[in-house]
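Just so you know, these numbers use all the heavy atoms, side chains as well, and skip hydrogens, waters and symmetry mates. The chains referred to below are lettered A, B, ... by the order of the sequence lines, with proteins before strands, and numbering in each begins at 1. Bear in mind the structure is a predicted one, so any value in this text is a computation, not a measurement.
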Amino acid sequence: MIHISNIFLALILLSVLLSLRSNRLMALVKLMAFQGIIVSAVPLVLDTAHGLTFNLIMFFLLLILVKGLVIPGMMSIAVNKVVASREIEPIIGYHASLFAGLIMIIFSVYITNHLNLASLPASHKLLLVTGITTMGAGLILLMARRKAITQVIGYLMMENGIYLIGTALAKEVHTQYVVEFAVLLDLLVAVLVMGIVLNDINHTFDDVDTALLGQLKD
Amino acid sequence: MDFTFSFTSFLSFLVAFTLAPLFMGVILKVKAFFGGKQGPPWLIKYYTLIKLLRKGSVYSTSTTFIFKLGPIISFVTAFMLLLFFPFAGLPPVLSFHGDVVVLFYLLGLGRFFTVLAALDTASPFEGMGAAREVFFSALAEATIFVILALFFRLSGSLSFAEYFSGDQFVNLWSQSAALIFLVLIALFIVLLTENSRVPVDDPATHLELTMIHEVMILDHSGPDLALIEMGAFCKMLFYSAFISCLLYPFHTGSALYNVLVFNIIMALIYAGVGLVESITARYKMDMVPNFILTSFALVFFATILTMEFVQ
Amino acid sequence: MNIFFLALLLIGVGGTQALATFRLYSLMKAGAVLAIIAGCSFGAYDAAARLLQHAEPVIYNHSWLHIFTFSLKIDAVSAFFLVPVFAIPAVGALYSFQYLHDAKRAAGTAINYFFYALLIISMALVVCANNLISFALAWELMSVSSFFLVIYDVHKKATRGAGYIYFIFTQAGALFIFAGFGFLYSHTGTFGFEALASIPDSAKLIAFILILIGCGSKAGIMPLHIWLPYAHPAAPSHVSAVMSGVMIKMGIYGIVRFYLLLEPTSVVFGQIVIVLGISSGILGVVYAIGKQDIKKMLAYSSVENIGIILLGLGVGMLGAASGNKTMAAFGFAGGLLHVFNHSIFKSLLFMGAGSVLHQTKTGASNELGGLMKTMPVTGRSLLIGSISISGLPPFNGFISEFLIYYGAIHGLSLHGASFVLSALAIIALAVIGALAGAAFTKFIGVIFLGEPRTDKAAKASEAGILMGTALSVLAASCLIIGVWPYHFVQAAFLVTQAIPLVSDYTTAEFMPLMTNISRTAALFILLFIIVTVLRKIFYIGKEVTKSGTWGCGFTQPTVRMQYTGTSYADSIVDFFRPFIRVQKNYSGINKIFPGKTTYSSHTHDTSEIGLNIFVVRPVLYLLSKLRWIQHGNIQLYIGYIVLAIVVMLIFL
């Protein structure tokens, strides 16, 4: 018996891992598109999913559209227009990022096991683990890369992770609200990307010049 | 040791050993197809082996007896791999609990002597290939042993014959499909690394930029080179068979049907390798450890997931 | 215990007569060597017989002035460790006859033999000690005698520095051991070993950690290993062989013995040991790859193998605490068997390196090359040693690593942190094995294969016949243990029966495994012979010629174009960058016309840098603040004495 939901979660973990080690911006954007589609489809394939109203399906389609088409499209416009070099500039290096990702998954399994939520169905345990891992990996990307666009990607991954955690912890009737919140958060990402494009922001700071930063304390 | 010297197991081993060069022809044909060419004939590798066996050798004055030992040991270790592997669901010639560890370490012995034979020639090219080979194989070993640990956790067995039989079998069509999915990707990456395919190494060239395996055997010729080539074919067959046994449960169903499906899946895997070789470029040498570490991270993920997945 | 004391007596006589007859150089050496070999043979035979015949433990007590009792006991654990304690120095003594060849240094050589004998005796006493005082006495004796052995070349500045570092580390380690002993004494009130199992659990953990640090610095656990790469290259090669092969195992013996005596029940013990094993193993082999001096490489490789031994012991401890019989038995047996195996192949490697050093007068591998043709016996023995230490079948290193793998794999059925650590132990073993293969292909490839890089290497010739015999004996034992491991594994399992959980372990589980491995090794050798014959057949009537190595069309190849050890190691060292610092000094090209440029690279041990920053500099800073006490004024010094007397009279 193959559980489709487990395959989907394995695919999400695969995309998380590949995003930590990739050194090309366009590859990262495509990966986020892939991850976005799979993450949006997860609640549909869960065992506990039922009661698909018309509203719910519309929201899911909207979510898949936004995560899979609109946001990656805007990000690729940003990459093509603003960013000079297509290489991701890491602060902590790819090997270290991969190891940090591994530590993150051990951490998330530890948390899931220790939370010991009695009301959590068995199939949601893997979902919770995946969610915490995705959120953690997003945080790693956010903190450990220099380019502004990768920080937005990190934020997007964190948001995917929170969405998964919400799906894991939510009772079935609240699924609609979780989906709506996800759409809202994605709009925020869209605004961030627009900001990068319109203001031509390439790096977070032009110079990592701590002397200039020190002047801020006055 | 289970010495199932039954006729079927010996026959399946012989057939696999004989077909090893044929499957390599599949890769060449696929690559030629993507290049818009007709490509070499299907039996090209057999012709190559016969040609090499007919020739003599030139030995470098810098070399010692180790240069002659290298091909022998690399062939014998790859040959022994095939003796222990269950092809198409048929029992292998030999099997015992714990044979996987012994076999992978025998592969390590083969690699040890190949590297020494390369260093024996006092050539900077071969030294470069040897240095890269030991580095990348160290990373690949980590992946392989995590896979073995994962399989033990899933099935409680430590032998190739036991992995793919019984009710705790390891397969994509079993309970833990998601984990095996990750293992398949990682194992494919290890196949590309250990057999020196693109994107880790380019087997078609002998230039500095692409040198890992092809350059280590640069100075070998004649029957020595034939032994090395056949050993490489056997190793590739082993890894492909490993992947194909994970893809389809061979331990049920009739033997003839299984053999047919097995050979088709093997051809598909080799074609997949040819596909990857045609559409990707070889990685910058610095990115290869990254590539192998990805495979390690994938199976490590899978192993950690068994902590809460399989109680 | 009569044979045991006879053995010790013979060894002691051998050492002392060297002091008496030092003027007759060869006679002195012959007498010492023969007596030591005789004594060691008796001792090794007695220990092995005791072990394999399941003999009852014997105890010997000698009370001294009613202050303490000097107590010795030979049980299974002691007997197991006694075999390498006696066997390896015997081979080392045989080797030393031709290695120490400088008749002008007769006095130094005599002192060397005396302390060599003393070292063997003290190690035997450590292994047999039956109470805290005897252990401490024997330990100190061992440290002192090895110190004098290390500074044989006392006229060289590097040796003096090495001896100094070694002395400090030994004494610091002994301090930690004494602290542990004092702690134990405060809980039990006696010096004996019997009461140790009944102290409270938290006390057991503290005592174990103190003893682990103390014995660990002797064993060479990362980060307490800093003395190893200084002391082993400085000492003469037969001494390095004994130190690396046997003496550092005394640290392991201390850990094993006190673990067995304390009988802890918590999983924390095993977890700590596994973590230490992983770090020592991986970092040790990375440093071995990064260093290019032959003996430094081998010293770091000892750190790596101590890591493997600790992995085995840790897996065993974890299994014992978790109630997993297979894990406990196989882990311990693997760790103990690796103690024995490592003593054989490490002493082989050190003595072989000594032969190379002796014949070429240089220890830098980047100056050697092509020695396999001119030093065939040494080359082949070292080849076998390298394959064994990389843990490859069909030699003995594989057997012990297989046992540890088996134990760790069965540990995967545990839960939580123990599961993660078992998985990490398996990964670490795999990576260590592969990297050890890299390190030792570098060792053999750069030193013995290729073309000689300097004249020193080109003019080398084979070392003396006794040195060659010593190497061959050890190499043969590596092969024998690899192909017929059964009795050696059985001996290791006999020792593991000292653990309460596994005391009823039978041969049923490990016998089929070992038989299968034996048969696979035999099959490999059979196939190897068949293919060699086939190959010969294929070469009948074919044209075989010789030529220079192909240089890609380059017509002026030089020997300097070969890969050196540094270049071979470059990518691996670069991968582990935060843990191993590489310092490159390049003079740069600053002339218009071609002129002299220099390039050198050194790898630095992070533990040493850390020790410098966190221990040495603060201590020196604090002590410099107290410098004012030493002002040189004699009157004030007299005042200090009077003050001290007054204080003592008032308060004591």
In terms of heavy-atom contacts, does [atom1] of [X] have more than 12 from other residues, nucleotides or ligands at under 6.0 Å?
X	atom1	value
F107(A)	CZ	no
F104(B)	CZ	yes
Y110(A)	OH	no

Inset, instruction - Measure across Y283(B) and R21(A) and return the closest heavy-atom pair with its distance rounded to 0.1 Å. - result: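 Looking at all heavy atoms of both residues, the shortest contact is OH-NH2, 3.9 Å.
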Inset, instruction - For the pair I304(B) and L102(A), evaluate side-chain contact (heavy atoms from CB on, under 4.5 Å) and give the outcome as yes or no after the intermediate values. - result: CA-CA 9 Å; I304(B) 295 295; L102(A) 292 180; over 6 Å; no
Atom [atom1] in [X], atom [atom2] in [Y]: separation rounded to 0.5 Å?
X	Y	atom1	atom2	value
L298(B)	L17(A)	CG	CG	5.0 Å
I106(A)	F301(B)	CD1	CZ	10.0 Å
M287(B)	R24(A)	CE	CZ	8.5 Å
K125(A)	L305(B)	NZ	CG	12.0 Å
L182(B)	L13(A)	CG	CG	7.0 Å

Inset, instruction - Find out whether F99(A) and F296(B) are in side-chain contact, i.e. whether some heavy atom of one side chain is under 4.5 Å from a heavy atom of the other. - result: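 F99(A) vs F296(B): side chains touch.
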Inset, instruction - Please examine the side chains of N290(B) and N23(A), heavy atoms only from C-beta on, and report whether any two atoms are closer than 4.5 Å. - result: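 They are not in contact (no side-chain heavy atoms under 4.5 Å apart), so the answer is no.
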Inset, instruction - Using a heavy-atom cutoff of under 4.5 Å, enumerate the residues of residues 254-261 of chain B that contact chain A, numbered in order, or state 'none'. - result: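 Within residues 254-261 of chain B, near chain A: nothing under 4.5 Å.
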Inset, instruction - Select one option (side chain, backbone, both, neither) describing which atoms of L9(A) are under 4.5 Å from chain B's heavy atoms. - result: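 Looking at L9(A), nothing touches chain B.
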